[in-house]
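Just below is one structure, and these are the notes that go with it.
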Amino acid sequence: MLPSRNFFYTDFLSFFMEYNFSEIEKKWQQRWRQDKTYRVVEDLRKPKYYVLDMFPYPSGAGLHVGHPLGYIASDIYSRYKRLRGFNVLHPMGYDAFGLPAEQYAIQTGQHPRVTTDANIARYREQLDKIGFSFDWDREVKTCNPEYYKWTQKTFIDLYSHYYDTAAQKAKPIAELVTALEKNGNLSVSAACGNPDLTFTAAEWSAMSAYNRHQTLMEYRLAYQKDGMVNWCAALGTVLANDEVANGLSVRGGHPVERKLMRQWYLRITAYADRLLDGLNRINWSDSLKETQRNWIGRSTGANVRFKALHLPMNASLEIFTTRPDTIFGATFMVVCPEHPILSQITPEPDVAEYVSRAKNRSERERQSEVKNVSGMFTGLYAENPFTGRQIPIWVSDYVLAGYGTGAIMAVPAHDSRDYAFAKHFGLDIIPLIEGCDVSTESFDAKDGIMVNSGFLNGMQVKEAIGAAIKKVEELGIGSARVNYRLRDATFSRQRYWGEPFPIYYKDDMPHTLSPDMLPLELPEVDKYLPTETGDPPLGRATTWKYEGKYSYELSTMPGFAGSSAYFIRYMDPHNNARLADKAKNEYWRNVDLYIGGTEHATGHLMYSRFWNKFLFDLGEVCEDEPFQKLINQGMIQGRSSFVYRVAGTNTFVSLGLKDKYEVQEIHVDISLVQNDVLDVERFKRWNPDYANAEFILENGKYICGWAVEKMSKSMYNVVNPDDVVIRYGADTLRLYEMFLGPLEMSKPWDTNGIDGVHRFLRKLWRLYHDRNNTFTVSNEKATPQELKALHKIIKKVQDDIEAFSFNTAVSGFMICVNELTELGCCKREVLEPLTILLAPFAPHIAEELWETLGHTNTICDAAFPEFNPDMLVENSFEYPISFNGKLRYKKELPLGLSKEDVRLLVENDPNTEKFLDGKPMKNFVYVPGKIINIVC
RNA sequence: GCCCGGGUGGUGGAAUAGGUAGACACGCAGGACUUAAAAUCCUGUGAGCAGCAAUGUUCAUACGGGUUCGAUUCCCGUCCCGGGUACCA
């Protein structure tokens with residue numbers, strides 16, 4: 001027998017015998033699946049808690065190591081809440097409709113459903129390996145007809161409701177029709193797409209069916225209109241504003257242009273105020289709430305009509321302003337190139353040319369020239385209603401057609417854009433606020449005392465705004481008005497792989513399907529491309545007709561449709577009669593904790609709040625806000641590694657020596673690098689070009705450089721969680737992802753520290769087992785030191801989990817295990833509670849130890865250990881005081897100590913002198929620490 | 001430009017009702033065990049100065065000021081980095 005081989009073999013065995021994570025994890029994952037350990041049912045005897053992850057889009061690339069970060073955090077919290085006696089709903093599903101599967105279908109002809117199912121299977125396999133406590137019986141896939149039936153149903157409801165602005169609630173459109181029949185639209189309070197629309201009851205009844213239909217479209221919460229949309233020719237579809245960045249599609253980076261098209265929209269703007277108010281009642285981060293507030297962009301001000309001179313029929317020009325107090329300083333007006341007033345005149349040729357050029361320029365071109373001031377005098381004048389002065393009307397593309405009225409009054413002294421324009425064209429600038437200097441820039445602050453402003457002189461700005469609005473209303477030239485930046489959401493996509501609309505066309509008008517005909521299933525098509533006539537792909541399903549003759553709507557719904565109510569469906573995923581049963585909805589109510597990325601701040605998180613509020617108005621759900629608390633986990637970036645090739649050679653120089661050469665930095669696959677040391681032999685095999693590479697080493701090693709970059713294939717820095725699980729186990733992965741840093745912070749993935757976490761689990765294992773891996777836990781009573789260590793960690797874990805400070809909780813465990821190892825503790829009284837504490841973080845090893853401790857039930861049903869503060873003061877106490885010549889006692893004295901005892905302890909402590917330093921002290925907290933540590 | 005975050009050792013990061021800065025971990029160095037390796041364990045580890053040493057001492061939380069007996073923490077200014085947003089009247 002060869003000794004070397006023998007040694008290697010036995011040590012290899014003992015290594016695995018010690019803490020055999022792969023066997024333990026396999027065993028428990030199997031058992032959890034078999035026993036449906038994480039199945040949850042409504043239970044009125046227990047308080048509920050709903051923990052939700054943003055469900056993933058199953059992409060072909062599979063999960064990378066960044067995805068599970070949030071899932072692990074939510075899993076820890078779910079498991080913790082369960083130990084605390086809550087009935088925890090913790091589901092998972094897939095946002096399964098989307099472009100990549102369709103792109104793949106276009107290239108290969110494979111049905112997107114096949115691609116999607118395969119990707120979902122892969123995701124599921126990866127997720128299962130990490131040991132999540134999802135109730136998979138509640139899985140929701142948005143592409144499943146049983147689910148999208150309810151997306152379609154809600155669309156029908158949106159179509160057949162309007163928004164009552166007085167009641168602040170959605171109501172059936174039939175009620176509106178009754179009101180219109182009675183009084184016309186003069187006395188109805190309803191959110192309307194066209195604020196200038198007025199008609200009487202008589203006019204209403206005189207309308208043709210088609211005109212009534214068109215009129216109701218202005219009120220429906222889901223409606224059709226011709227609108228400028230972001231048309232992406234390469235994708236053959238319309239994109240939402242948040243799917244476009246810098247004139248390019250977010251997905252694919254194809255150019256996007258403006259195009260007029262008939263589209264479905266959702267009237268989310270009707271809910272703008274409620275979306276804003278609701279933010280005050282939910283527990284989200286300030287920055288996220290602020291992002292949503294900015295996105296909604298509510299600004300209060302007034303609409304004011306300026307008399308347009310030299311035009312027939314008392315023409316006027318209406319503007320919106322947030323600063324009606326500055327009307328006295330309005331020295332000119334500006335209209336957007338699309339403004340209707342321009343069609344009433346015959347402009348000079350150069351003006352006409354400017355207008356047509358500005359109109360035809362894409363949004364992108366307009367944006368790229370933000371800093372260039374351009375514009376033309378139209379030849380028209382208006383009258384300033386406060387000064388009576390004639391002021392010129394200009395046209396410029398810095399005024400946008402889509403916001404306000406498409407026209408502004410320019411107050412160059414107090415608006416920086418007007419200022420730049422006035423300076424460029426030499427227009428008047430009249431300062432209106434006492435003491436402001438407008439020689440080099442405008443004074444935009446809403447603060448100061450009015451001057452040069454007639455009846456407003458001497459008032460504070462805020463006061464003047466109110467007074468000006470009052471005056472405007474008296475003059476009958478305008479009124480207070482609220483404007484929003486938020487736009488209605490375009491809801492059509494010229495795509496195949498999405499929910500079909502439950503709509504067919506008859507007499508050129510859309511009609512909804514009756515709900516009992518739902519779901520309207522996606523038809524099969526021969527190709528996933530637009531038809532020859534430019535219809536969307538659904539146009540290829542030529543026999544797909546309502547009653548065999550009426551054409552269905554050919555576009556499909558956008559990605560956010562399916563993700564807007566999935567969290568409600570989880571409450572009752574198999575219900576065939578409702579989105580969710582009423583009683584079940586009233587039990588689970590809404591999501592208590594939602595964890596996901598910040599990239600959804602203005603998309604999904606806005607749409608789903610709107611969708612939920614609508615369902616609330618219908619009485620379908622019992623909570624107005626869907627997500628009580630929300631946490632944004634940070635992104636995990638990649639950590640790329642580099643090698644340095646000496647220019648023009650095949651010689652690579654180690655990081656520390658590279659400055660002596662002229663080198664070329666090259667990305668190297670991170671699997672060839674460990675702790676920044678390159679595996680030279682594997683590197684040579686990695687790429688044939690490097691087979692004969694030579695190396696200049698330092699200390700016998702090749703050290704790689706590194707940089708933090710986005711995780712991407714091309715940078716060879718993608719880390720797959722499966723690889724980590726195989727090498728270290730799921731429990732190590734879970735702990736390490738948490739240990740990496742604060743949950744909400746973005747951080748690079750860096751495996752350099754993972755050994756430490758793995759080592760911790762092995763140390764933990766050795767608390768329960770001896771060298772021969774024999775279970776050694778004793779039933780002896782624990783010592784005070786051991787109990788102190790235990791109760792310290794109980795408190796720490798409890799506080800840290802509640803604060804979502806999982807990284808410091810893991811540190812706490814490490815300290816605790818080090819302490820217990822030092823104390824040689826192997827007492828059940830300590831180890832049993834410790835096992836429970838660890839269960840949310842490392843469930844597999846916890847279950848295994850729990851079983852070894854003799855329990856037959858799952859550790860998930862254990863009770864979270866009770867913290868006893870007395871255990872911490874067994875031998876010593878921590879006691880805060882303050883000292884300002886006289887001691888102040890901040891807490892009740894512990895353990896029968898008198899004030900005199902404490903005074904002596906403090907005064908005899910050598911540190912006291914150091915801090916007193918002979919000076920008079922105020923509000924001095926005694927150190928060491930705000931806490932003194934005195935042994936009795 | 002504006003609005004949010006953030007800047008602490010070689011590295012990831014601890015610590016804020018203002019109170020011993022650098023917990024915990026990685027890495028590194030040295031040591032023990034071993035024929036050897038792996039694993040494990042022990043010791044040291046912000047920088048400088050003095051000392052054989054225990055130790056003492058100075059400087060350190062992006063930079064510059066301020067408040068305070070005391071500031072990583074609060075205030076003012078500056079510079080960098082990340083995210084959001086963008087001609088919104």
Side-chain angles (χ1 to χ4, degrees), chain A residues 3-4 7-8 11-12 14-15 18 246 285-295 297-299 301 319-323 326 334 336 366-367 369-373 396-400 402-411 414-418 420-421 444 483-486 598-599 601-602 632 634-635 637 639 675-676 699 706 708 736 739-742 744-748 750-757 759-760 762-763 766 771 805 807-815 818 821 880 882 884 911 914-931 933:
Chain A
S4 62
F7 271 108
F8 175 75
D11 288 349
F12 183 80
S14 78
F15 169 69
E18 246 191 25
N246 298 324
S285 73
D286 287 339
S287 71
L288 184 57
K289 287 203 244 187
E290 199 55 28
T291 304
Q292 289 218 337
R293 283 193 192 104
N294 292 339
W295 191 259
R298 181 187 154 108
S299 45
I319 57 98
F320 172 73
T321 177
T322 54
R323 295 292 302 275
T326 61
V334 188
C336 64
R366 279 210 205 179
Q367 267 180 16
E369 287 176 37
V370 166
K371 277 162 200 100
N372 294 348
V373 177
S396 171
D397 61 4
Y398 87 88
V399 175
L400 304 176
Y403 184 80
T405 61
I408 61 158
M409 66 172 195
V411 184
H414 302 288
D415 180 287
S416 53
R417 290 150 306 167
D418 298 347
F421 196 84
D444 291 10
N483 249 309
Y484 299 92
R485 204 186 82 98
L486 185 71
T598 160
E599 67 272 19
T602 55
N632 287 125
M635 250 209 299
Q637 296 141 308
R639 188 181 189 275
N675 291 341
D676 291 336
N699 304 324
W706 59 273
V708 173
Y736 186 59
F739 185 67
L740 215 44
E744 308 194 35
M745 205 184 269
S746 284
K747 57 229 151 189
D750 175 1
T751 33
N752 280 352
I754 199 164
D755 289 315
V757 174
R759 209 166 286 158
F760 154 73
R762 289 215 295 269
K763 278 187 201 165
R766 285 202 299 272
R771 275 171 198 280
S805 184
N807 54 331
T808 52
V810 176
S811 298
F813 279 121
M814 291 176 174
I815 295 167
N818 284 344
T821 305
S882 57
N884 54 352
N911 283 315
K914 178 170 148 197
F915 286 95
L916 284 174
D917 204 24
K919 289 174 195 157
M921 301 287 166
K922 312 178 270 195
N923 197 21
F924 174 72
V925 180
Y926 176 69
V927 179
K930 55 188 166 186
I931 286 166
N933 204 353

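Numbered from 1 within each chain, the chains take letters A, B, ... in sequence-line order.
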Relative to the 5' end of RNA chain B, which residue comes earlier, A:Arg485 or A:Thr598, by the nucleotide with the nearest heavy atom?
->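 Whichever sits nearer the 5' end wins; that is A:Thr598.
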In Å, rounded to the nearest 0.5 Å, how long is the span from CG of A:Asn807 to OH of A:Tyr736?
->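 Atom-to-atom, A:Asn807:CG and A:Tyr736:OH are 12.0 Å apart.
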Could you state the interatomic distance from CG (A:Leu486) to CZ (A:Arg293), rounded to the nearest 0.5 Å?
-> 14.5 Å
Figure out the [atom1]/[atom2] separation between [X] and [N], and round it to whole Å.
{"X": "A:Met745", "N": "B:A14", "atom1": "CE", "atom2": "P", "answer": "6 Å"}
{"X": "A:Lys289", "N": "B:C4", "atom1": "NZ", "atom2": "P", "answer": "15 Å"}
{"X": "A:Tyr398", "N": "B:G1", "atom1": "OH", "atom2": "C1'", "answer": "16 Å"}
{"X": "A:Met814", "N": "B:C26", "atom1": "CE", "atom2": "P", "answer": "7 Å"}
{"X": "A:Asp755", "N": "B:U40", "atom1": "CG", "atom2": "P", "answer": "9 Å"}
{"X": "A:Glu599", "N": "B:G5", "atom1": "CD", "atom2": "P", "answer": "20 Å"}
{"X": "A:Trp295", "N": "B:G83", "atom1": "CH2", "atom2": "C1'", "answer": "15 Å"}
{"X": "A:Leu740", "N": "B:C24", "atom1": "CG", "atom2": "P", "answer": "19 Å"}

With respect to the phosphate group of [N], does any side-chain polar atom (N or O) of [X] fall under 4.0 Å of OP1 or OP2?
{"X": "A:Arg293", "N": "B:C3", "answer": "no"}
{"X": "A:Arg759", "N": "B:A25", "answer": "no"}
{"X": "A:Ser299", "N": "B:A89", "answer": "yes"}
{"X": "A:Asn294", "N": "B:C2", "answer": "no"}
{"X": "A:Arg762", "N": "B:U40", "answer": "yes"}

Partner of [N] by Watson-Crick or G-U wobble geometry, both contacts under 3.5 Å, or none?
{"N": "B:G9", "value": "none"}
{"N": "B:G70", "value": "none"}
{"N": "B:G22", "value": "none"}
{"N": "B:C49", "value": "B:G56"}
{"N": "B:A15", "value": "none"}
{"N": "B:C63", "value": "B:G77"}
{"N": "B:G1", "value": "B:U85"}
{"N": "B:A39", "value": "none"}

Same-atom distance ([atom1]) from [N] to [M], integer angstrom:
{"N": "B:G82", "M": "B:A89", "atom1": "P", "value": "28 Å"}
{"N": "B:U8", "M": "B:C87", "atom1": "C1'", "value": "40 Å"}
{"N": "B:U57", "M": "B:C2", "atom1": "P", "value": "48 Å"}
{"N": "B:G66", "M": "B:A71", "atom1": "C1'", "value": "11 Å"}
{"N": "B:G30", "M": "B:A37", "atom1": "P", "value": "13 Å"}
{"N": "B:C26", "M": "B:G18", "atom1": "P", "value": "34 Å"}
{"N": "B:C63", "M": "B:C69", "atom1": "P", "value": "25 Å"}
{"N": "B:U61", "M": "B:G9", "atom1": "P", "value": "9 Å"}

Base, sugar-phosphate or nothing for [X]? Non-hydrogen atoms, less than 4.0 Å.
{"X": "A:Asn807", "result": "sugar-phosphate"}
{"X": "A:Asp418", "result": "nothing"}
{"X": "A:Phe739", "result": "base"}
{"X": "A:Ser811", "result": "base"}

Would you please classify the geometry between the A:Tyr403 ring and the A:Phe320 ring as parallel, tilted or perpendicular, with 30° and 60° separating the classes?
->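 The rings of A:Phe320 and A:Tyr403 stand perpendicular, inter-plane angle above 60°.
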Side chain to side chain, A:Thr321 and A:Met409, heavy atoms closer than 4.5 Å = yes
Side chain to side chain contact (heavy atoms under 4.5 Å, CB included) between A:Ile408 and A:Tyr398: does it pass, once the steps are laid out?
-> CA-CA 10 Å; A:Ile408 61 158; A:Tyr398 87 88; 3.6 Å; yes
Can you check whether A:Val411's main-chain N or O pairs, donor with acceptor, with A:Asp418's side chain at less than 3.5 Å?
->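 Pair found, side chain donor or acceptor close to backbone of A:Val411.
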Report yes or no: does A:Ser285 contribute a side-chain atom to a donor-acceptor pair with the main-chain N or O of A:Leu288 at less than 3.5 Å?
-> yes
Can you figure out which of B:A89, B:C87, B:U40 approaches the side chain of A:Thr322 most closely?
-> B:A89
